[in-house]
Amino acid sequence: MFQNRAEALALALPAAFFAAAVFLMPVAILLSDGFRNPVGGWTISAYTDFFADPLNRTVFLRTLRLGAIVTVVSAVLGYAAAFAIVNLEPGTKGKMTGLVVLPLMISPVARTYAWIVILGRTGIVNQALQLVGLTDAPLRILFSETAVFVGLLQLFLPLMIISLISALENMPKDAVPAARVLGANWFQVFWKVILPLTKEGLVIGGTLVFTGSLTAYITPAILGGSKVLMLETLLYQQVSVSNNFVSASVIAFILIVMSFAANILLKRVATARNKQRVPQ
Amino acid sequence: MSARSLFIPLTLFLVLGFLIGPFLIIVAASFSGGETLAFPPQGFSLRWILKVFTVESFRASFGMSMFLAIGGTAAALMLGIPASYALSRYKLPGAEIVRTVVSAPIIVPGIIVGLALLRYIVVPFQVGITPALFLAHTALVLPYAVRVVSASLDNLRSDIEEAAVLLGSSRLGAFFRVVMPNIRGGILSAFILGFVTSFNQVPVSLFLSGPGVRTLPIDMIAYMEIVFDPSVAALSSLLAFLSIGIVFAAERFLGFSRYV
Amino acid sequence: MKKVILASGAALMLTMGAAQAQEKTLTISVYAFAQDEFKQLVYDPFEKICGCKLVVETGNSVERLAKLEANKANPMVDMAVVSMADALAASRAGLIDKVDTAKLSNFNKIYDVAKDPNGDGMSVGYTFYATSIAYRSDKMKIESWADLLKPEYASHIAWPNVTTNQGPPALYMLGLALGKDTPDLAAPIEAVGEKKGEIVTFYEKSSQLVQLMQQEEIWAAPIGRFSWAPFTKLDMPIAWANPKEGQTGGMNVMVVTKGSKNRELALQFMDFWLSTDTQTKLAEKLIDSPANKEVKLSDAIANNLTYGEETAKSLKLIPSAVALDNRAGWVKTWNEKVGQ
Amino acid sequence: MSDAPYLSLEKLTLAYGDTVAVANLDLPIRKGELVALLGPSGCGKTTTMRAIAGLLPVKSGHVRLDGADITRVPANKRAVGLVFQSYALFPHLSVYENVAFGLKLKGMRGTGLDAKVRSGLTSVGLSSFANRKPAELSGGQQQRVALARSMVMEPKVLLLDEPLSNLDARLRLEMRTELQRVQKETGVTMIFVTHDQAEALALADRIVVMKNGKIEQIGSPEDIYNRPTSSFVADFVGFENIFPIEQGKMKTSSGLIDLSGPAPSAAGLAWRPRMVTLGSGPFRGTVRGTSFAGDSREYLLDTPFGPIKAEVEASQPAHALGSDLSFDLPAEKAAPLSRFA
């Protein structure tokens, strides 16, 4: 550790100043708009107005619901996939991890558009369903919450898997065999051993997936359209169609509060664990 | 094999299919001979791949996105490397505040960043859309730059700088002679991560588009809304292979994944 | 690393430099459709004439209006084409200036209704369009606007969102069909709301419909005639409905932004767009129906357009002021009945 | 060896922020001396070393080297070498380039540079490893590279941070010999920091024992080992039975106790286990523990004035656990302590 304060500040301040000026200040002003009373002073009436509108309530709850469902499903699939991957041979493990990361390198625009082809009335999902005879007429999947859910899941599942892979790898190697020897069945092993030991990874992955789902724009816009508005698409509509910046500010604030709530949750759990480590 | 021992690999197989499938469909559709984006593709041809290069707006927005991704990431690194260095090597007063401020753009939804910049930087200060996009993308990449560079600095013992100083080097010289060469991999990883993040970024750029100024993803959305031909699939495939190539090379030569 | 930084620095300077090098630049804001054709028929020829560079911003009318509003203090756009109602909105918001029609040599060639549609001298009409229903003639039969909401059809249609140009006219015609044509559009919105679960999507950009039609996601949608051409190229039996309530439609107009630094160039461009030659070429490609009365078209072309002053006059249009004064109410009712 | 101090620390006060780590320290060191700074962690020995190197700003006081005040001279202009505990080799450079690093900064080039680097490497026996990267060397080899890297700079003072602590027992001996040889051949003034008394005793000409940022005792290894002047030093070098003295008597938990022989005038007395007479004497204790160490046997006795450790030759008959023994703490054998704390 170097002691020179002036040097430290000279190195750190440009970045901090840049982020503050280009990012924090404008965002702070934007958020303050939602609390400004047009006749002067401050008020939360924009918020009460916002939640008084049934459409807004619907959109808010839908955003929360979809975010939660995507997070839960990605956790379930994530554990299965991550567990399978960490138990592979080192070489195969690397390749499989690569395949999981691969979609993250591809433009979300392309990834979302693929779903139009897949989920459409003439898409392969409907073709398959009709082939197996599960349905006579093609199902309508596009422009529904299901389509948005599928799109979001595909977008963010890799983040969950990666978090869980590293959590599972950091788990003591003998924990599972030890629990088995002590007579636990697989369900108990997961619930009493794996889950507590990988809690941190689950929380990190969960926050990434949840926050990502809240703030995704293209997926709800393309796969949901105006029938499946989410907060982010509603915000865009408020600005670009209704010119309603106060409402946009309210939505922005709600989104940020939701992200922060998830983030704080993450930090709490993570630091609770870090305390157990011996400081260097 | 018991049912249970099959269950986990089968799930992995399905999950990978779910994750990779759409990409494969996009790639297959790029070589379609048909007029519209469809799967299975109708026939085989390279015409959509070739068409990508003739669409003028793609060329312009590709240039814009490249400029933002390279320039913005480089700018973020120029701000982020010194900050990371201060955070990892100095007893910095208010270190937590600095860390929070520089990593804040990762938490705030992109669409809000874009809107805030439009309303309170572009309009009041009469900043052009291009510089505004540049600022936004720099701010967006900054958290990644700081995170990855800090991680690689923390992995490097700090006493080698003191050793260099005692051997006659100045502090700045020590940074360039012994620190930089050893965090090069981290910097390159940060660059790639920043590049990919910036290049694929949509929400931030949503409000920050102006006459003749558009990032590639925004342009792709706009194009697809008008023309539903496979050229966007072709473009996506090309871009995907480009990113995969870069990441693969980085992983191969530098162990990229250590830093992410 | 150093190389990367140097390279990006160079790229930065190049871009900045390039931006400064373009001296005479006209920035226009237009609808997103048919840009390839516009480029070929309008933009490129004009660039040759004026020796300037055209910068084109595209998007739907409301979205671009919102941008004009956002950039009010420092307008980036010199000239825009928007809907009649949006032109009135822009005029009320102080975003546009009076059009100096004396400088438009083709002004006297356009239909009288197009010369000053809002009666405030702030806009000039350049095209009409009818709005009716494009539909799959093999799957359905459309004789009335209300047919779209029939149970067997409702789950195969897209309806324009109330915020689009086609939204209110389509609702207005639906109201006529239902026999409840109050300006608040309450009845038709309610009727659409009852079917909101079935209706495939409430579209915001008509360009997206071609793809939905192609994928058989939808069989029918109310559209403006200007977005008709791509449907005719689909390998499907698609027809233009002639409902018994008639067709609705609209007029698109040109406006000049307040504070534009290229006023003369903007007027020159508007004049070029209104010229018989340009209007004919655009009509022949089935892009925009002409507002210039000297344009002569073959029957085949005319049948796919909204051609002639008589046709234009027959369209059941919502007056701009009515549209503007009721818009907030429509959106509110829509959000209550349809949106959520 | 001249008697005038070559390196001297005068009233040196060092601090991290507001926490004072070293206070008012005076230490003269002669040219060519090999000095050990010995003490437990947190005693200020490393802080002092970093201040000599110039890595830590001096709060007050002076550092003089070879007649010049170098208190404010930056670390890169001091001609002070430092072999880090971790060796701090540059991982991206080869062994050769590591050794050449400082010479190149001095402007040395071409054959002069090459000769110097080669001879540096040869002197530590690593000439055949010139092209290896540090990661490809063992710990001992890395340390010798670090030594060569510092020595080719011909420093006026060479500092070593815990030079033997990361090595195994065999290498430790080897390195100790190596350091002594280098010191003898070059005559460089060496100061090393250690928490291990055996290391200090074996290597140093003079030992400086530090505690809480102050010097506790300075002396030759023999002085420190045999004649500790304070209870702290006595404890540190293995005197395990230490008692304060009051009114010529030994002060214990069960009161003042007379010792055999003349009444001592010191503030305290300290006995190594070996100095305790077992089997005869005025005191009695019970055997609580015993351990066999080859040629000797150690006993832990429970006595009215606390536990006493005694050590006798293994050839003596063994005493069983629980047996009652007489013993003596002969005052004439004890090390007299002038300070007891």
Side-chain angles (χ1 to χ4, degrees), chain B residues 77 81 84-98 148-191 250 252-259, chain D residues 15-19 46 49-50 52-56 73-94 97-108 120 133-135 142 145-162:
Chain B
L77 281 171
I81 293 173
S84 309
Y85 191 71
L87 287 170
S88 117
R89 294 291 192 265
Y90 284 85
K91 219 162 132 188
L92 179 67
E96 263 323 294
I97 298 174
V98 170
V148 178
V149 174
S150 290
S152 66
L153 275 171
D154 290 345
N155 283 337
L156 185 70
R157 301 193 55 99
S158 61
D159 50 17
I160 63 166
E161 290 140 80
E162 298 183 336
V165 167
L166 288 169
L167 291 169
S169 180
S170 67
R171 281 291 303 283
L172 197 64
F175 178 79
F176 284 106
R177 286 192 191 97
V178 304
V179 178
M180 278 293 263
N182 286 301
I183 59 167
R184 212 165 40 190
I187 291 175
L188 200 79
S189 302
F191 191 88
R252 200 66 194 263
F253 299 115
L254 294 156
F256 173 60
S257 55
R258 272 184 297 155
Y259 301 97
Chain D
Y16 293 101
D18 292 331
T19 322
T46 306
M49 184 194 70
R50 290 175 62 82
I52 299 172
L55 295 172
L56 186 75
V73 174
N76 54 348
K77 306 226 158 64
R78 281 197 181 189
V80 173
L82 171 57
V83 175
F84 287 80
Q85 186 177 8
S86 67
Y87 320 135
L89 297 180
F90 308 131
H92 63 299
L93 298 179
S94 68
E97 287 163 326
N98 261 281
V99 176
F101 186 91
L103 298 174
K104 281 190 190 163
L105 285 172
K106 270 186 173 174
M108 209 179 257
K133 284 278 168 69
Q142 289 187 29
V145 176
L147 183 63
R149 186 175 70 177
S150 291
M151 287 309 295
V152 292
M153 300 296 290
E154 296 168 7
K156 290 179 174 167
V157 176
L158 180 66
L159 306 167
L160 302 108
D161 190 3
E162 303 272 4

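Quick note: numbers below take in every heavy atom, side chains included, and nothing from hydrogens, waters or symmetry partners. Here is the naming used below: chain letters follow the sequence lines, and residue numbers restart at 1 for every chain.
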Donor-acceptor table for chain B and chain D, threshold 3.5 Å:
from      : atom 1 : to       : atom 2 : distance (Å)
Arg157(B) : NE     : Ser86(D) : OG     : 3.2
Arg157(B) : NH2    : Ser86(D) : OG     : 3.4
Asp159(B) : OD2    : Ser86(D) : OG     : 2.4
Glu162(B) : OE1    : Arg50(D) : NH1    : 3.0
Glu162(B) : OE2    : Arg50(D) : NH1    : 3.3
Glu162(B) : OE2    : Arg50(D) : NH2    : 2.6
Ser169(B) : O      : Asn76(D) : ND2    : 3.1
Arg177(B) : O      : His92(D) : NE2    : 3.0
Asn182(B) : OD1    : His92(D) : N      : 3.4
Asn182(B) : ND2    : His92(D) : ND1    : 2.9

If you compare all heavy atoms of Leu105(D) against all heavy atoms of Leu167(B), which two are closest, and at what distance to 0.1 Å? CD1-O, 3.8 Å

Among Ala53(D), Pro91(D), Pro155(D), Gly102(D), who wins on heavy-atom pairs under 4.5 Å with chain B? Pro91(D)

When the 4.5 angstrom heavy-atom criterion is applied to Leu89(D) and chain B, the contacting part is backbone

Any residue meeting ring pair (Phe, Tyr, Trp, His ring centres under 6.0 Å) with Phe84(D), in chain and number order, not counting sequence neighbours: none

If one checks every heavy atom of Ala164(B) against chain D at 4.5 Å, the contacting part turns out to be both

At their closest point, which heavy atom of Val165(B) faces which heavy atom of Ala75(D), and how far apart are they? CG1-CB, 3.5 Å

